[in-house]
Every structure is written in structure tokens, then in C-alpha cells.
Amino acid sequence: ATTDPYIAAIPKVELHVHIEGIISADLKWKFSQRNGQAIINPRTNQPFASLDELRDSHDTLKPRTGSRMDNTEETLSFFEAYYGGFEVLKTQQDYFDLAMDYYEHAAAMNVRYAEIFFDPQGHTRVGTTWETMMCGFRDAWLKAARDLHVASKWIMCFLRDESPESAMQHYEAALPYRDMIVGIGLDSNEVGRPPSLFDDVFARARSDGFRITAHCDVGTSYPLEHIRQVISSIAGTGADRIDHGLNAASDAELMHLIKQKGLGMTICPWSYIRHQPLDEVFQRIRALHDAGVMIAVASDDPAFMEDTWVLENLLVLKKYCGFGNEEMRRLAENAIQMCWASDDAKEDML
Ligand code: ADE
Ligand code: ZN
């Protein structure tokens with residue numbers, strides 16, 4: 001519940017949300033019950049006996065506020081929880097319901113347009129077919145636009161801890177669905193996995209007309225060199241946006257480059273304050289904004305934070321950056337400017 005009707009009422013564009021990042025314990029339980037498939041507790045190898053037990057496990061695997069997720073164990077436990085969610089999705093109906101869950105939240109927060117990440121490799125490696133996944137997403141995509149007035153496109157992310165060959169295979173397999181897909185991204189565990197490993201597939205995607213973005217995670221485990229590659233070299237001349245990239249706030253040259261190229265950054269405050277000191281996070285976000293870098297606020301993985309969606313991310317940023325309504329409105333306009341919808345579609349977002 002919000003106590004800020006002004007922020008609630010702003011028409012919103014959300015550019016950084018993983019569809020798999022909304023898989024809560026409750027959704028997992030719903031799908032597993034419906035499909036008659038037990039969920040195995042990775043810590044005991046026994047099936048979870050109740051929703052409460054599953055909720056407890058989900059909560060303990062989430063990153064904890066105040067801890068630093070530069071700590072490898074916490075990062076791995078986040079990914080363990082996150083990829084565990086993929087295993088409960090079995091049918092086209094599951095994929096449809098998952099996407100509708102996002103779209104219903106979006107409609108309630110006055111989100112008019114979203115670009116939604118999905119990780120196809122995480123689904124195919126547990127045996128899901130492209131058809132099951134994409135037909136479920138497609139039906140929800142059409143229904144949301146028609147009945148909820150939430151327009152959207154999808155961004156296919158490659159898992160950077162999988163091989164470049166796997167990325168290329170998935171790229172080719174996605175082409176029949178390209179009417180839904182506006183861009184290509186890069187996510188998952190960044191340690192030791194520079195964007196340059198994926199140069200070939202990004203260059204191909206760019207020449208086929210897709211937009212390009214990549215995650216640069218926040219914390220001391222993630223080198224500035226990865227941000228540099230995203231700005232200047234992936235897909236030939238660099239990406240069209242940066243996801244996160246908050247480490248750049250400590251490097252004047254990188255900030256200058258980002259501004260010069262007009263790259264927007266998607267910023268997800270709840271993702272950072274789960275594992276970085278709060279003051280530092282908001283000082284850095286402010287530094288980017290004050291330097292004239294275009295930032296757009298988004299939710300990343302709501303089910304792995306504190307059930308925090310784009311609205312809660314806007315509210316926490318408003319509070320700790322000390323922004324007034326005018327600045328919050330400017331952030332919403334940034335997101336419209338940064339999005340990859342047609343100019344006509346952008347007109348309808350205001
Ligand atoms: N995939 C989903 N959430 C992610 C995150 N926070 N970092 C990297 N990859 C992700
Ligand atoms: Zn993300």
C-alpha cells in the first residue's frame with residue numbers, strides 16, 4: 001500500500017524486470033500443486049511438505065539487507081533460489097499465468113509499457129520447449145495489451161555463465177518469435193564472464209535489428225572493465241542501454257562516456273540495498289542523476305527482495321535521494337525516452 005498518491009498515479013514505463021524474478025514461493029506452490037509435481041528442498045533433498053516450509057526456504061535463500069553480496073556464498077544462494085523457480089514451470093498455462101501475474105501487478109501500478117526480460121536457456125535446460133514457453137507468454141502479452149492496457153515487449157537475455165555457443169543456438173531458436181522480442185540482454189552470474197565473450201552473438205543481433213543491453217552488477221566483484229565493454233565495444237559500437245552499472249558512479253571517465261553516448265541506465269534500488277550499504281547506494285544513484293546521466297527506475301526481481309515492485313523502488317529512491325515530485329516525474333520521462341517502443345507508441349505512454 002502506498003501513501004504517495006502522486007507517485008502511484010504517474011504513468012510508468014518499466015525497463016528492467018525478470019519474468020522469472022517474480023516467481024514467489026506462493027506461485028511455485030500453485031504451479032507445483034496443479035502439476036502434481038513435488039518441489040525438492042535442495043538443502044535436504046526431500047520434498048517441501050507445505051507452503052509455509054517453502055516460504056521459509058525462499059526467504060532464507062534471498063539476499064539479506066545489510067550484507068554485502070560481493071560475498072560469493074550470498075550470490076550463489078540467490079542464483080540457487082532464482083533458478084529453482086524455473087523448475088516448477090511445466091505447461092503453457094504456467095507461462096501464461098506467470099506473465100499475467102506480472103501484467104496484473106503492472107496495471108495496478110499504472111505501468112503503461114514494459115520491456116520484460118526472460119532467460120530462455122534456464123527453461124530449455126530443464127526440458128521446456130520454446131513453444132510451451134513462448135505461446136504462454138504470447139497469449140498473456142496479447143491479453144495484457146487488450147484487457148489491461150499494459151503494452152510490452154520482451155528482452156531475451158543470455159546466461160553469461162553458459163557458453164557463447166549456447167547463446168547463439170538460443171538466438172536462432174528465438175527468431176520465429178521476434179515480433180515479441182525487441183532486444184537482447186546479458187544476465188546471470190557475472191564473475192569471470194566479461195561481455196566480450198558474447199561479441200559474436202551481439203553483433204549478429206545488432207545487424208538483425210535488435211536493441212542491445214547488458215547487466216553490469218553492483219559491488220566489488222564486478223570490474224569496471226565490464227562496464228567499459230558494454231559502453232564501447234559489444235555489438236561493435238557498444239550497447240543501447242546498461243542494466244545496473246552503478247559501479248560507474250565512482251569513475252569520472254566512465255560517467256562521461258555514458259553521458260556522451262546518451263546511454264540510459266536501469267536502476268533497481270531494492271536489488272542493491274539488499275546487499276550493499278544503503279547510504280552508498282543512494283549517494284551513487286544521486287551522483288549519476290546529478291551528473292546528467294539518464295536513469296530509469298525498475299524492480300529487477302520483486303519476489304527475491306521484499307515483494308518490492310517498480311512502485312516500491314520509486315518510493316525508496318524518492319525517500320533516500322531526497323527527490324521531489326518534479327524529479328520523480330523526470331525519472332518517469334527518462335524511462336519513456338530510454339524505451340525501445342516506436343515514437344507513436346511513446347506518445348500514448350504519457
Ligand atoms: N538474473 C536475474 N536477476 C539477476 C541479477 N540480479 N543479476 C544477474 N542476473 C540476474
Ligand atoms: Zn536484472
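Both counts, for ligands and for their atoms, begin at 1 and track the order of listing. Note that this is a predicted model, so its numbers are computed, not measured.
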Query raised in the report: Around the Zn ion (ligand 2), what protein N, O or S atoms are found below 2.8 Å?
Result: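 Correct list: H16 NE2, H18 NE2, H215 NE2, D300 OD1.
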Requested in this report: Establish, yes or no, whether a centroid distance under 6.0 Å links the rings of Y272 and H244.
Outcome: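 That pair passes the under 6.0 Å test.
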Query raised in the report: Using the benzene-type ring in the case of Trp, are the ring centres of H16 and F117 under 6.0 Å apart?
Result: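 Ring centres of F117 and H16 closer than 6.0 Å.
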Query raised in the report: Run the side-chain contact (heavy atoms from CB on, under 4.5 Å) check on M338 and T266 step by step: do they pass?
Result: CA-CA 9 Å; M338 284 164 56; T266 60; 4.2 Å; yes
Query raised in the report: Which pairs pass ring-ring contact (aromatic ring centres under 6.0 Å, His included) with one or both residues in residues 330-350, sequence neighbours excluded?
Result: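 Every pair satisfying ring-ring contact (aromatic ring centres under 6.0 Å, His included) with a residue in residues 330-350: there are none.
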Query - Crowding at NZ, K346 (>12 non-hydrogen neighbours, <6.0 Å) - result: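 Result for NZ/K346: enclosed.
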Query raised in the report: Among K153, R211, R241, which residue meets the side-chain hydrogen bond (donor to acceptor under 3.5 Å, both in side chains) test with E115?
Result: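 The option that passes is R241.
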Element-labelled atoms of ligand 1 that are located less than 4.0 Å from some non-hydrogen atom of [X]:
X	value
D300	6 (N)
D187	1 (N), 9 (N)
D217	7 (N), 8 (C)

Query raised in the report: Touching ligand 1 at all, S188? Heavy atoms, strictly under 4.0 Å?
Result: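 Heavy atoms of S188 do come under 4.0 Å of ligand 1.
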Query raised in the report: Is the closest heavy atom of F78 to ligand 1 under 4.0 Å?
Result: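 Yes; F78 lies near enough to ligand 1 that a heavy-atom distance drops under 4.0 Å.
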**Report entry** Those residues that, when tested against D208, pass side chain to side chain donor-acceptor pair (under 3.5 Å) (two or more places apart)
**Finding:**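 Here the qualifying residues are Y171.
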Report task. Kindly confirm or rule out a cation-pi arrangement of R125 over Y83, judged by NZ or CZ under 6.0 Å from the six-membered ring centre and within 45° of its axis? Result ->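 Satisfied, under 6.0 Å and within 45°.
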Query - Pairs flagged by salt bridge (charged side-chain N to carboxylate O under 4.0 Å, His left out) wherever residues 318-336 is involved - sequence neighbours left out - result: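 Qualifying pairs, neighbours excluded: D4-K318.
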Query raised in the report: So is there a nitrogen or oxygen of D301 less than 3.5 Å from a nitrogen or oxygen in ligand 1?
Result: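 By distance alone, the answer is yes.
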Query raised in the report: How does Y82 reach ligand 1, by side chain, by backbone, by both or by neither, if only non-hydrogen atoms under 4.0 Å count?
Result: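 Side chain only.
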